[in-house]
Trainee: 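Just passing along the structure, written as structure tokens.
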Amino acid sequence: MISKHPYYRLVCSAILAYSIGAMAQQPVVAPAITTPTAHGNDCHDAELAAAGGNPAATPTPHFQKVGWDEREQAKLQEARAHPPQIVFLGDSITRNWDLNRPDALEKLKPIFDSFYGDRQPLNLGISADTTSNVLWRIEHGAFDGISPRLIVVLIGTNNTLRCKWTAAQTQGGIDKVVDELHTRVPQAKILLMGILPKQSTPEIQAEDREVNSYLAIRYGKSGSVTFVDAGYVFLKGGELDTSLFMDPILRPGAAAVHPTPQGGKRMLQAIEPTVARLYGDKEKRVP
């Protein structure tokens, strides 16, 4: 029968592997989202590799540019109307702090507000962003006309997960993000977070650990950048506690990448002493 033909089985296996990978990479901002193509056309691996460049450190617009532009422009207007004092810069994990849906799993904004509501926050998280996308936003006005005291940066998980960039490439991308922020908002202190743990291949997990180890050493004694790895709050007995991630609950079978409100609150509690010190106010005790 045709179903037993080796070529047919090979093709089916490839399609299945692609589908699972695409689901794992999907940003969680709603229960149903259009799945992006594998890698997305903003990864630019081939072109930049041929030229000897680092795609992770090359400013590039988002591959889903229409929705990306809409959120970017909305945030620029918000910044003008309410000049922020603390800015959160990142991907969907950061973007999800704006979620306030009826489903308890997608009600993260009240938690975010309990920590930052009186600190004049601005959420510059955009789903599926890589370091290259963040660099594009920085170079195209994300921080123009604002003077925040503190910038909290959480970026890099899509570098290794979606684009399959190496640890070295991701390190270069994060370093460039930090350098650009120093150039454009020199008065701001930077709280740089490590890549959070997630369900992925052993190879990707190893890349993430290598990135975090590099950042801890690179910025461990920096006077202008404070590095914090809060990933431990998502571990139980040394293993990933998937109950603290919304993806497998909203879409059974999806990889655990995006924290639930409970997981997110643990993360904010972990960084709060550092945030309060850098921001210059009293530490929040949120029950």
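Keep in mind that this is a model prediction, so the values were computed, not measured. The first residue in the sequence is number 1, and the count goes up from there.
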Trainee: The criterion is salt bridge (charged side-chain N to carboxylate O under 4.0 Å, His left out); which residues satisfy it with K265, sequence neighbours excluded?
Mentor: none
Trainee: Using the side chain to side chain contact (heavy atoms under 4.5 Å, CB included) rule, take T160 and T170 through it: C-alpha gap first, then chi angles, then the decisive distance, then the call.
Mentor: CA-CA 7 Å; T160 57; T170 299; 3.9 Å; yes
Trainee: How long is the straight-line distance from CD of Q120 back to CG of L150, given to the nearest 0.5 Å?
Mentor: 13.0 Å
Trainee: If you compare all heavy atoms of S114 against all heavy atoms of V286, which two are closest, and at what distance to 0.1 Å?
Mentor: OG-CG1, 3.6 Å
Trainee: Specify the closest pair of heavy atoms between Y116 and P121, including all atoms of both residues, with the distance to one decimal.
Mentor: O-CD, 3.2 Å
Trainee: Measure the acute angle between the ring planes of W136 and H140, then classify it against the limits of 30° and 60° as parallel, tilted or perpendicular.
Mentor: parallel
Trainee: Got a sec, which pairs hit salt bridge (Lys or Arg N to Asp or Glu O under 4.0 Å) with one end in residues 176-194, sequence neighbours left out?
Mentor: E180-R184
Trainee: Are T60 and T58 linked by a side-chain donor-acceptor pair shorter than 3.5 Å?
Mentor: no
Trainee: What's the separation between atom CG in N212 and atom CE in M193, rounded to the nearest 0.5 Å?
Mentor: 10.0 Å
Trainee: Give a yes or no answer on whether the side chain of Q199 reaches the backbone of A255 with a donor-acceptor pair at less than 3.5 Å.
Mentor: no
Trainee: Roughly how far apart are T131 OG1 and N159 CG, rounded to 0.5 Å?
Mentor: 3.5 Å
Trainee: Verify the cluster assignment for W68 and I138: are they in a single hydrophobic cluster under the rule of side-chain heavy atoms below 4.5 Å apart?
Mentor: no
Trainee: Among residues at least two apart in sequence or on other chains, which ones pass side chain to side chain donor-acceptor pair (under 3.5 Å) with Q85?
Mentor: R149
Trainee: Does NE2 in H82 sit with more than 12 non-hydrogen atoms of other residues, nucleotides or ligands closer than 6.0 Å?
Mentor: no
Trainee: Can you check whether N133 reaches N158 side chain to side chain, under 4.5 Å on heavy atoms?
Mentor: no
Trainee: The criterion is side chain to side chain donor-acceptor pair (under 3.5 Å); which residues satisfy it with E272, sequence neighbours excluded?
Mentor: R119
Trainee: Taking all atoms of both residues into account, what is the closest heavy-atom pair of V225 and S222, and its distance?
Mentor: N-OG, 3.0 Å
Trainee: Kindly compute the distance separating CD (E207) from CG (L161), expressed to the nearest 0.5 Å.
Mentor: 12.0 Å
Trainee: Would a 4.5 Å heavy-atom cut-off, applied to side chains only, mark E106 and P261 as touching?
Mentor: no
Trainee: In terms of hydrophobic clusters joined by side-chain contacts under 4.5 Å, are V87 and V228 together?
Mentor: no
Trainee: Measure the OG-NE2 distance between S92 and H258 for me, rounded to the nearest 0.5 Å.
Mentor: 2.5 Å
Trainee: Report yes or no: do L191 and L122 belong to one cluster of Ile/Leu/Val/Met/Phe/Trp/Tyr joined by side chain heavy-atom distances under 4.5 Å?
Mentor: no
Trainee: Any non-hydrogen side-chain atom of L124 less than 4.5 Å from a side-chain atom of F143?
Mentor: yes
Trainee: Examine L135 and I146 and state if one hydrophobic cluster contains both, with Ile, Leu, Val, Met, Phe, Trp and Tyr joined whenever side-chain heavy atoms are less than 4.5 Å apart.
Mentor: yes
Trainee: Apply the test side chain to side chain contact (heavy atoms under 4.5 Å, CB included) to residues I204 and K164: give CA-CA distance (whole Å), side-chain angles for both, the deciding distance (0.1 Å), then the verdict.
Mentor: CA-CA 8 Å; I204 290 175; K164 303 298 187 290; 4.0 Å; yes
Trainee: Can any side-chain N or O of Q205 pair as donor or acceptor with the backbone N or O of S200 at less than 3.5 Å?
Mentor: yes
Trainee: What salt bridge (Lys or Arg N to Asp or Glu O under 4.0 Å) pairs are there with at least one residue in residues 125-138, not counting sequence neighbours?
Mentor: D129-R137
Trainee: Below 4.0 angstrom, N of the basic side chain to O of the carboxylate: do E72 and K75 qualify?
Mentor: no
Trainee: What are the two closest non-hydrogen atoms of P259 and L196, and how far apart are they?
Mentor: CG-CD1, 4.4 Å
Trainee: Can any side-chain N or O of R71 pair as donor or acceptor with the backbone N or O of G125 at less than 3.5 Å?
Mentor: yes
Trainee: Short question: side chain of K107, backbone of R101 - any donor-acceptor pair under 3.5 Å?
Mentor: yes
Trainee: Tell me the closest heavy-atom pair linking I249 and P252, and the distance in Å.
Mentor: O-CD, 4.1 Å
Trainee: Could you walk me through whether I155 and I174 satisfy the side chain to side chain contact (heavy atoms under 4.5 Å, CB included) test, starting with their C-alpha distance in whole Å, then the side-chain angles of each, then the deciding distance to 0.1 Å, before giving a yes or no?
Mentor: CA-CA 7 Å; I155 195 66; I174 294 174; 4.2 Å; yes
Trainee: With a 4.5 Å heavy-atom cut-off, do I111 and M267 have their side chains touching?
Mentor: no
Trainee: Of all residues at least two apart in sequence or in a different chain, which pass the side chain to side chain donor-acceptor pair (under 3.5 Å) check with T166?
Mentor: Q169
Trainee: Not counting sequence neighbours, which residues clear salt bridge (charged side-chain N to carboxylate O under 4.0 Å, His left out) with D144? List them please.
Mentor: none
Trainee: Working to the nearest 0.5 Å, report the span between CG of N123 and CG of D98.
Mentor: 4.0 Å
Trainee: Identify, with sequence neighbours excluded, every residue that meets salt bridge (charged side-chain N to carboxylate O under 4.0 Å, His left out) alongside E139.
Mentor: none
Trainee: Donor-acceptor pairs under 3.5 Å, side chain of residues 213-220 to any protein atom, not counting sequence neighbours: which ones?
Mentor:
residue : atom : partner : partner atom : Å
S213    : OG   : R209    : O            : 3.0
Y214    : OH   : D175    : OD2          : 2.4
Y219    : OH   : D175    : OD1          : 2.5

Trainee: Could you pull out the closest heavy-atom pair between A270 and V233, with the gap in Å?
Mentor: CB-CG1, 3.9 Å
Trainee: Counting C-beta onward and ignoring hydrogens, is there a side-chain heavy-atom pair between R95 and I126 closer than 4.5 Å?
Mentor: no
Trainee: Identify which one of I86, L268, I271, V275 satisfies the side-chain contact (heavy atoms from CB on, under 4.5 Å) criterion when paired with F115.
Mentor: L268
Trainee: Any side-chain hydrogen bond (donor to acceptor under 3.5 Å, both in side chains) involving residues 229-241? Give me the pairs, sequence neighbours left out, ordered by first then second residue.
Mentor: D241-S243
Trainee: Would you sort out whether L89 and V134 count as a side chain to side chain contact (heavy atoms under 4.5 Å, CB included), showing the intermediate values?
Mentor: CA-CA 8 Å; L89 183 63; V134 166; 3.7 Å; yes
Trainee: So, do P110 and N100 sit near enough that their side-chain heavy atoms are less than 4.5 Å apart?
Mentor: yes
Trainee: Determine, using the 4.5 Å side-chain heavy-atom cutoff (strictly less than), whether L278 and V185 are members of one ILVMFWY cluster.
Mentor: no
Trainee: Quick one: salt bridge (charged side-chain N to carboxylate O under 4.0 Å, His left out) partners of D208, sequence neighbours excluded?
Mentor: K198
Trainee: Go through the structure and list residues passing ring pair (Phe, Tyr, Trp, His ring centres under 6.0 Å) with F245, not counting sequence neighbours.
Mentor: F234
